[in-house]
2 protein chains.
Amino acid sequence: MSLEEKKISCHLTQGEADSFIKNLPVEEEIQDLSEFFKVFGEPTRLKILFLLKEKEFCVHDLTVMLDMNQTAVSHQLKYLRQVRLVKYRKDGKNVFYSLNDEHITGILATGLDHIGE
Amino acid sequence: MSLEEKKISCHLTQGEADSFIKNLPVEEEIQDLSEFFKVFGEPTRLKILFLLKEKEFCVHDLTVMLDMNQTAVSHQLKYLRQVRLVKYRKDGKNVFYSLNDEHITGILATGLDHIGE
DNA sequence: TGTACATATGTTTATATATTCATATGTTAA
DNA sequence: TTAACATATGAATATATAAACATATGTACA
């Protein structure tokens with residue numbers, strides 16, 4: 001019996017295990033992917049994204065509609081900026097934010113579809 | 001000038017703001033949705049899901065392939081069970097886990113598509 | 001130029017949670 | 001029925017992070 005055939009686990013040989021591990025996304029992709037999904041795993045960010053799906057808004061618009069602290073909204077917008085899901089333009093005293101990724105609407109729709117069962 | 005027309009924010013009247021707020025998913029949906037996405041926002045859970053996408057595995061299989069503490073794996077499997085993304089069957093000493101949701105593959109693919117740009 | 005307004009950001013605090021440790025439960029086979 | 005193995009789980013710990021607080025920056029306008 002070769003080394004390859006020896007079970008290292010319930011039903012796995014070393015060779016089989018290696019093969020499954022090899023087909024996993026590499027560590028960096030896993031990290032990036034989890035950070036991408038993490039964005040959507042927080043209620044405030046979700047609400048911001050749902051609002052921006054309709055049209056661009058300035059920070060104060062969002063603060064009013066979300067009924068939240070301006071600071072909290074700004075921090076979340078900074079977060080969304082860093083992961084490049086939103087972009088912004090300055091106009092006088094205001095900064096207008098809008099979506100910057102065409103996947104967002106689809107992702108949100110899939111999620112809604114899921115919980116709507 | 002009616003109350004409706006008075007700006008309460010940068011460019012919003014009260015009526016407009018109310019309208020956008022009304023079109024948001026209700027609070028409970030937002031909560032459910034964020035908890036759904038939160039599942040995918042963690043590297044260990046992602047790896048488990050990617051592995052289970054191939055075939056069912058017992059806890060020890062996963063522990064070996066992920067090179068992780070059995071306890072940590074069990075805790076994440078419990079989590080995944082609770083949000084109904086995996087199901088399990090017992091077979092003697094082993095418990096085999098498999099995916100329990102047809103959205104998962106699509107969600108993962110969309111995410112990979114996103115980070116692959 | 002000073003005041004009000006809009007936004008950003010560093011720090012702190014409170015909370016959530018991933019992992020580990022210790023241990024319990026359950027199963028199989030000697 | 002005892003030993004070895006597989007899995008689960010409660011508690012402790014360490015870390016991440018959302019929100020709040022204090023404050024800074026930047027803009028417009030009187």
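Proteins come first, then strands; the chains are lettered A, B, ... in the order of their sequence lines, and each starts at number 1. Keep in mind that the numbers below use all heavy atoms, side chains included, and drop hydrogens, waters and symmetry copies.
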Heavy-atom side-chain proximity of B:Met68 to B:Thr44 below 4.5 angstrom: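 B:Met68 vs B:Thr44: side chains touch.
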Rounded to whole angstroms, how far apart are [atom1] on [X] and [atom2] on [N]?
X       : N      : atom1 : atom2 : answer
A:His60 : D:dA28 : NE2   : C1'   : 16 Å
A:Asp67 : D:dA20 : CG    : P     : 10 Å
A:Leu62 : C:dT7  : CG    : C1'   : 12 Å
B:Phe37 : D:dT17 : CZ    : C1'   : 20 Å
A:Asp61 : C:dC5  : CG    : P     : 16 Å
A:Gln76 : C:dT7  : CD    : C1'   : 15 Å
B:Leu66 : C:dT20 : CG    : C1'   : 16 Å
B:Tyr88 : D:dA8  : OH    : P     : 8 Å

Short side-chain donor-acceptor distance under 3.5 Å, B:Asn94 and B:His60: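 Checked: B:His60/B:Asn94 side chains show no N/O donor-acceptor pair below 3.5 Å.
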Side chains of B:Gln31 and B:Glu27, donor plus acceptor under 3.5 Å: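 Yes, because at least one side-chain N or O of B:Gln31 sits under 3.5 Å from a partner of the opposite role on B:Glu27.
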Given [N], is OP1 or OP2 found less than 4.0 Å from the side-chain N or O atoms of [X]?
X       : N      : answer
B:Asn69 : C:dT19 : no
A:Tyr97 : C:dA6  : no
A:Asn94 : D:dT27 : no
A:Tyr79 : D:dA16 : no

B:Lys90 atom NZ, over 12 foreign heavy atoms within 6.0 Å: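 Open: at most 12 neighbouring heavy atoms sit under 6.0 Å from NZ of B:Lys90.
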Crowding at OH, A:Tyr88 (>12 non-hydrogen neighbours, <6.0 Å):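 No, the 6.0 Å shell around OH holds no more than 12 heavy atoms from other groups.
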Whichever of B:Val95 and A:Lys38 has its nearest DNA chain D nucleotide further upstream toward 5':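 Taking each residue's closest nucleotide, the earlier one in sequence belongs to B:Val95.
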Side chain to side chain contact (heavy atoms under 4.5 Å, CB included), paired with A:Tyr97, selected from A:Asn100, A:Leu99, A:Val95: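 Only one option passes, and that is A:Val95.
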Exam field: side chain A:Glu54 to backbone A:Leu51, donor-acceptor pair closer than 3.5 Å: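 Such a contact is absent between A:Glu54 side chain and A:Leu51 backbone.
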Any N/O pairs under 3.5 Å between the protein and nucleotides 26-28 of chain C? List them or say none.
none

Ring centre gap for B:Phe36 and A:Phe40 strictly below 6.0 Å: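 No, the ring centres sit 6.0 Å or more apart.
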Can you give me the N/O atom pairs linking the protein to nucleotides 9-13 of chain D at distances under 3.5 Å, or say none if there are none?
unit_1	atom_1	unit_2	atom_2	d
D:dT9	OP2	B:Arg81	NH2	3.2
D:dG10	O6	B:His75	NE2	2.9

Carboxylate-amine/guanidinium proximity below 4.0 Å for B:Arg89 and B:Glu56: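 Yes, charged N to carboxylate O under 4.0 Å.
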